[in-house]
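A quick write-up on the structure given underneath.
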Amino acid sequence: MSNIYAKITRDGLWDNNIVFVQILGMCPTMAVTSSATNGLGMGLATTFVLAASNAVIAAGRNLISPDVRIPVYIVLIASLVTLVDVSLNAFAHDLYKVLGLYIALIVANCAVLGRAEAFAGKSKVAPAALDGLMMGLGFTFALTLIGGIRELIGAGTLFANAHLLLGSAFAFLETTVIPHYKGYLLMILPPGGFLVLGFLLAGKRVLDRRLAERSARIAAEPAVA
Amino acid sequence: MGLDNLRAKLVYQGILLGSVTLLTGGALALADHATKGAIEAAKECDMKQSLTQVLPGQYDNDLLKDTVVLPGPDGDVTVYRARRAGKVEAVVFQVQGIGYAGPVVSMMGVDRDGHILGVRVIQHKETPGLGDKVDPAKTNWIHSFEGKFLGNPPADKFAVKKDGGVFDQFAGATITPRAVVKSVKGGLEFFAREKGKLLDDNPGSSAATPDGGTAARVAAAKEK
């Protein structure tokens, strides 16, 4: 069984990454990744929604009639998002001021409905929750990476305002990588999101091909010797 | 397989949808109830912060509770009044102009004599790097309002330099500062028009109740 869990983990983080492979959830991906902190915050909120919605839907999968499953999924996801929205507003208000506009967008993130439809609706609770968690973490990784690159080139900093998200203990994350940097506006504006995503997608393709070639070579070698 | 047969029935689907919405609705109501207080406290704290930014100095009343609502240029304006020993020393209110990418909302503080104490843009969607220079973290531009009043500069000079006024615009972004200057001018005119009601010193209304504002308005109306 542990094999399945390992595969779920690998799929979520890399092999079937929401952003880099499934190319889902582009709206939040483009909208919030103007800084690494924003990407991280949005990613974590989405992770919570994904894991919880997957678990709830898997738990109720025998009760949910296939004919009305989509409205049921949407109602559940929308309620979870609203829960995240009000609790962020109440308990992390400064972050909410930055991300608040985008939290509601999690409902429209097709990745959440996509996982419910493709995985949670036909699997047990534990693997479904793990799938949601791993897909979410993969999403968080992608958003933080894109945000970090855009922030670095656009403003010369990394994880600016991280204390708003993680508390003042994490203020050390806030670094000015390039002092007295004039900034490169294009990267902060929407086109920067498309540019960075494009380069990262191409980069992942190249990396995956290299890895595949290498493992093929290693597999072939003993036969030659 | 009783459940499978049942799941195909229309009645079952109706009941399912109904109970799911009922359950989630209940959960949301609970969450709303649990977070309401904290959200209101956070909003109040935000409001206080933006109020104190445009109100230098010490005042001895609770600004958030000493308000008057008056009809302004774009709908009702809530005016917060700062008092010292019961006397209204300054007022704070929101003004709004149309910028490059939607409304630019500012908070402005004005003292008894109509002099501007401070202005802060609290909400805008202007282009980063161009229009957002109205933010005091980026440039000092917003401080150029301090001490100004209608008369210095005169009303026809209360505009950005491009329009023959005295306020700087930014290279590549005239629309944003123009929107702010216009809305501030509108705010000063609003103050001049409603001065009598705003500066009502009736000590009875300084009791700092949420009702204080209405009471003050009624009192002001009676005096006339």
Side-chain angles (χ1 to χ4, degrees), chain A residues 31 34-35 52-53 56-57 59-98 100-101 107 150-151 154-156 160-161 164 181-192, chain B residues 1-50 100-102 122-133 137-138 171-173:
Chain A
S34 56
S35 80
S53 77
V56 170
I57 286 163
R61 70 187 185 283
N62 289 328
L63 293 173
I64 298 170
S65 166
D67 302 294
V68 292
R69 66 184 192 288
I70 301 289
V72 171
Y73 293 169
I74 287 290
V75 167
L76 288 172
I77 293 167
S79 314
L80 281 166
V81 171
T82 312
L83 286 181
V84 172
D85 189 81
V86 290
S87 25
L88 265 185
N89 193 353
F91 307 118
H93 191 72
D94 285 323
L95 179 70
Y96 185 79
K97 280 192 270 181
V98 183
L101 210 62
V107 182
R150 286 177 71 183
E151 188 184 350
N161 295 328
L164 295 183
Y181 188 54
K182 288 276 183 206
Y184 185 54
L185 195 57
L186 181 71
M187 278 303 182
I188 303 289
L189 293 177
Chain B
M1 298 306 272
L3 193 59
D4 273 349
N5 286 332
L6 204 56
R7 282 200 306 195
K9 290 228 167 73
L10 199 60
V11 181
Y12 176 84
Q13 295 170 3
I15 294 172
L16 173 76
L17 272 176
S19 25
V20 167
T21 39
L22 201 66
L23 275 176
T24 50
L28 289 181
L30 275 180
D32 180 57
H33 184 71
T35 52
K36 212 174 189 171
I39 291 175
E40 258 160 32
K43 274 196 184 143
E44 199 164 283
C45 180
D46 277 0
M47 199 68 194
K48 243 180 207 155
Q49 259 174 13
S50 57
Y100 185 69
I122 53 175
Q123 202 188 320
H124 72 85
K125 293 197 187 78
E126 305 300 289
T127 320
L130 294 173
D132 69 351
K133 285 180 187 148
K138 309 235 158 75

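Residue numbers start from 1 in every chain, and the chains themselves are labelled A, B, ... in the order their sequence lines are given, proteins ahead of strands. Worth saying up front: this structure is predicted, and the values here are computed from it rather than measured.
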Using non-hydrogen atoms only, which part of A/F91 is less than 4.5 Å away from chain B: side chain, backbone, both, or neither?
side chain
So how far is it from B/D46 CG to A/Y96 OH, rounded to the nearest 0.5 Å?
11.5 Å
Interface moiety of A/L63 toward chain B, non-hydrogen atoms closer than 4.5 Å:
both
Considering all heavy atoms, the nearest A/S87-B/T35 contact:
CA-CG2, 4.3 Å
Over all atoms of both residues, closest heavy-atom pair of A/S79 and B/L28:
O-CD2, 3.5 Å
Below 4.5 Å, heavy-atom pairs only: which of A/L80, A/V86, A/V72, A/L83 has the largest tally toward chain B?
A/V86
Tell me whether B/Y12 at atom OH has more than 12 heavy atoms from other residues, nucleotides or ligands lying less than 6.0 Å away.
yes
Between A/P71 and B/L17, what is the shortest heavy-atom contact and its length?
CB-CD2, 3.9 Å
Region of B/A42 that comes under 4.5 Å of a non-hydrogen atom in chain A
both
Euclidean distance, B/K9 NZ relative to A/D67 CG, rounded to 0.5 Å
13.0 Å
How many angstroms lie between atom CG of A/L76 and atom CG of B/L23, to the nearest 0.5 angstrom?
9.0 Å
Are B/V20 and A/Y73 close enough that some pair of their side-chain heavy atoms sits under 4.5 Å apart?
no
